[in-house]
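To start, the structure itself, in structure tokens.
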Amino acid sequence: MGAVLLLLVVSAVTFAIFFLVPRLGGQTADQLATQYVGKDANPESVAAIKQNLGLDQPVYEQYWHFLKGLVVGADYTFGPDATHCSAPCFGYSFKSHIEVWPQLEQRIPVSFSLAIGAAVIWLVSGVTTGVISALRKGKPIDRISMFIALAGVSLPIFFTGQILNALFVYEIPIWDSIDYIPFTENPAEWAWHLLLPWISLAFLFSALYARLTRAGMLETMSEDYIRTARAKGLKETTVVSKHGLRSALTPIVTIFGMDFGTLVGTAVLTETVFSLQGIGAYSVQAIKDNDLPIVMGVTLVAAFFIVFCNLIVDLVYAAIDPRVRYS
Amino acid sequence: MSDDKDETKTGKPDASGSVLTKDTTADGDVLLKVTGLQKHFPIRKGLLQRQTGAVRAVDGIDFEVRKGETLGVVGESGCGKSTMGRLITRLLEPSGGTVEFQGKDITHLGTGDLRPMRRDVQMIFQDPYSSLNPRHTIGTIVGAPFKLQGVDPEGGVKKEVQRLLSVVGLNPEHYNRYPHEFSGGQRQRIGIARALALNPKLVVADEPVSALDVSIQAQVVNLLDDLQDELGLTYVIIAHDLSVVRHVSDRIAVMYLGKIVELAERDQLYRSPMHPYSKALLSAVPIPDPKRRGVKSERILLKGDVPSPIAPPSGCRFHTRCWKATEICKTTEPPLVELRAGQQVACHHPENFEDQQPQDTKLLSSAHEAAEENTTSAVEK
Amino acid sequence: MSKLDKAALGEPDSVAPSTADDAFLSVRDLRIHFDTDDGLVRSVDGVSFDVRKGKTLGIVGESGSGKSVTSLGVMGLHRSARAKVSGEVWLDGQELIAADPDDVRRLRGRKMAMIFQDPLSAMHPYYTVGQQIVEAYRVHHDVSKKVAKQRAIEMLDRVGIPEPAKRVDGYPHEFSGGMRQRAMIAMALVNNPELLIADEPTTALDVTVQAQILDLIRDLQKEFGSAVIMITHDLGVVAEMADDLLVMYGGRCVERGPAEDVFSAPRHPYTWGLLGSMPRLDREETDRLIPIKGAPPSLINLPSGCAFHPRCPYADIPKDNVTRTVRPELTEVGGSHWAACHMTQEQRERIWTEEIAPKL
């Protein structure tokens, strides 16, 4: 309920930004239409586009058409042929006149694969490092891993990514290329070919998560209930894993949900560095071109993932912390 | 406050109030008068935040505070005593009833109109650690009330603050130090100095010593005593420690689930409490004398927990745990009446006094259980 | 049993010096120091005491006196590299300080158990009360979860929780303060420990609930015959519960002895100060309390000589400034009643009977 509302708001705001801003800047419907037709614009084609895209209608009506298209699909006429754009219809690219949704459909698995693999790597490595650091606070292993973590947080992805790329694809060609091979086709190849992008993306995040986990663990391990657990005579490993880690992970789950959801639509840098055809890369060009249907499509898909992941987080959170369930 | 104004106050048709003021103290100026005071905190649920119930923290209480006296308020957690403190200092707005300070109704005054009253009523809080801003020097903290009220004391703020610091037994030269440089007891003194800055008439102290070590508690209690003598302060002291309350108070109100169940002169309350709850509360206080361990059969062990203030029991709120409860206790709420001079009680079957509802003799089953609990625990010892 | 254990450890009996024969727990010269950035904190600095089975030792002191650290030291819960623990802790004939930490762990929760001050923070918020009791039972007993849960329900019933079969699946936050403390007690007692340490068990509770909990602890002690250490700042609680009393100040014991003697004839000015500081319901109302001046000392920078001297009104009675230079040792002032003060017995007796006692 709240999630649907949120998606509506996001779409409306995006719509408003990309439709209203040019107009507030003084552009007329004709000028906009001309932009889309390109250099060889003649009055007829401009008028056709204008009508076709509904550029001459008031904003709310255009927005309504857009929403309707999402749910039931829409019919467009380009020249003599009427085309049906089936639901969910994000319309056609202003630039290439290609339908948006099939493009997105192709690219979502790429971005999703990139995000999920990276997420697994950074969760495992980040949390492990964080826990070890916390338990060995002040010892060499803590200092070293925290130093690496600091480096990881400070190094931008296009740096680590480029280096990995240069090293293992060009210098020592372990990989002949970085490609997206669908999971359904060959899971092993899928993972193998995405490993480098995963590592470079995960490096940044695992550094962040190591620091978060360490801080969380340090706090939890000084809680009274940890003392109680020890007083019961539990083994230290049980105390750490069953009593310490579970509490320390709660805030991590929240942040993870956000990060993961956001990452699906925004791993632009990684996608660019490794030339992966994901939705992040797709959106960059569209923004430059002011290609509203694509921007809308990407934004909604990204927002959907964020909202969806937060929903999952809420469920997981309630499962972890019984105190949340009753309020 | 002028004398004739006072006449009109005592002349009001509040029977118990007027009797009290005539009988007990010559200095009977009423500084604060609370009538039917209520505070319900709404419970909201769902997307639309609809109100589904209310926590009845304070649920209709009446009392007066006379000039120069100390009114102690005791009760267990959840009885509403802290909420009451915040209501009479108007840190919270009451949901019902009235609060009159020096004859002026302050129940629903807005922030601006409250300003003059804020000078006269000050509050001391429980936790000397969280109630002082760690980023401010104690000079700034104690001097803040002057700034807020736009008062320019004689000789300047700094001099006045240093005077206040020495009044509460701190070194005036510590003016520029920060709260973390002080111990708990000293911090509480800082809180007291701040409260005294504007020469208040009424000081409401919420658990002023409960966060302090025993040896420090005594210092602060003595300080509060001295200040009252020197400055003619009036105190409302809210505390859960019955020994401390007895030591500092002239009169004491015992609260249970948002109600005052007994309001009495100190010695009367401690010698012969009339409300069964007061009695149980007093008997539960451990006595620092190992020799008395054998003779402790008079201890009353209450069963179970205090019921929820969201749905308090009908009739007398204590009837679910009372060993004297009868049918009438379940159906009719006993009014707070002055049974003995200087002792108001809200009970149908008071202790140490004649039964108010002698016709109603059949004990509730819960009362049987409560009574049993006591006899068995007494026998075991 | 105790002899066997000693033999198993290969320790000669003589290692335990002057241990009372029937003492279940004997602590000798326990020192717990913490290395901090600000300096060495001597939280406990040479404390000795005995607790017999079926008896209760009360440890009284203000914040920072070392009373809680002592109890955690007995439990072997100071495992951080920064804590230096020395001395001897004999539990039922077995020495714990030098023992293998894993052996001590196996005793924790089984032979010795602990109840903490704030049951809300001392119980894990994510596990049900039942799960936590079951866990405590199964560490030391090789039984199925089902059996352990039955045992948990039994214990909840024993400590007076209504509808135990239902409440066993409740979470700590669903319990009231008093009920939580009862559950905590059930958890501590689930393995029938012979030593129970209660660290301020009622400080977070209301008086009427406190009375219930103290009553419960007393009953359970009678039933199981365990040795109990009751740590508190409340002299009233101690007077009700303790057979013996240990008064701590600045990480050391300043007075110890049978509770009745310490209350009726205290022989240390700090104990006098504690008694004078608290208003008492069993006495006629007094005008003024007699506080101790100043504040408890910092454990990093303990005053020289007698740590109490800066706050002691009688610090100048002993000659040659001795209170500021020499640390007083515990000396016997009566049948197993000890105090650490430079004043002579006669001086203290006179001050107590003439100056202090009449004002209390």
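Protein chains get the first letters and strands the later ones, always in sequence-line order, with residue 1 at the start of each.
- Of the two parts of Ala136(C), the backbone and the side chain both hold a non-hydrogen atom closer than 4.5 Å to a non-hydrogen atom of chain A.
- The residue among Thr228(A), Thr238(A), Thr250(A) with the most heavy atom pairs within less than 4.5 Å of chain C is Thr228(A).
- Residue with the most contacts toward chain A among Met184(C), Met112(C), His140(C), Glu135(C): Glu135(C) (heavy-atom pairs, distance under 4.5 Å).
- Chosen from Ser121(C), Pro119(C), Pro172(C), Ala113(C), the residue pairing most often with chain A at heavy-atom distances under 4.5 Å is Ser121(C).
- Both the backbone and the side chain of Arg105(C) come within less than 4.5 Å of a heavy atom in chain A.
- Proximity to chain A (any heavy atom under 4.5 Å) is shown, for Leu120(C), by neither the backbone nor the side chain.
- Here the CZ atom belonging to Arg110(C) is positioned 8.0 Å from the CG atom belonging to Asn191(C), to the nearest 0.5 angstrom.
- Between Asp92(C) and Lys53(C) there is no salt bridge, since no side-chain nitrogen of the basic residue lies less than 4.0 Å from a carboxylate oxygen of the acidic one.
- Checked against the 6.0 Å centroid threshold, His243(A) and Tyr126(C) do not count as a close aromatic pair.
- Using a 4.0 Å cut-off between charged side-chain N and carboxylate O, Lys67(C) and Glu200(C) make a salt bridge.
- Only the side chain of Met75(C) comes within less than 4.5 Å of a heavy atom of chain A; its backbone N, CA, C and O stay farther away.
- Both the backbone and the side chain of Gln132(C) come within contact range of chain A, each with at least one heavy atom under 4.5 Å from a heavy atom of that chain.
- Across Leu91(C) and Leu25(C), no two heavy atoms sit closer than the pair CD1-CD1, 4.0 Å.
- The cationic group of Arg323(A) does not satisfy the cation-pi geometry with Tyr171(C), failing either the under 6.0 Å distance to the six-membered ring centre or the 45° limit from the ring axis.
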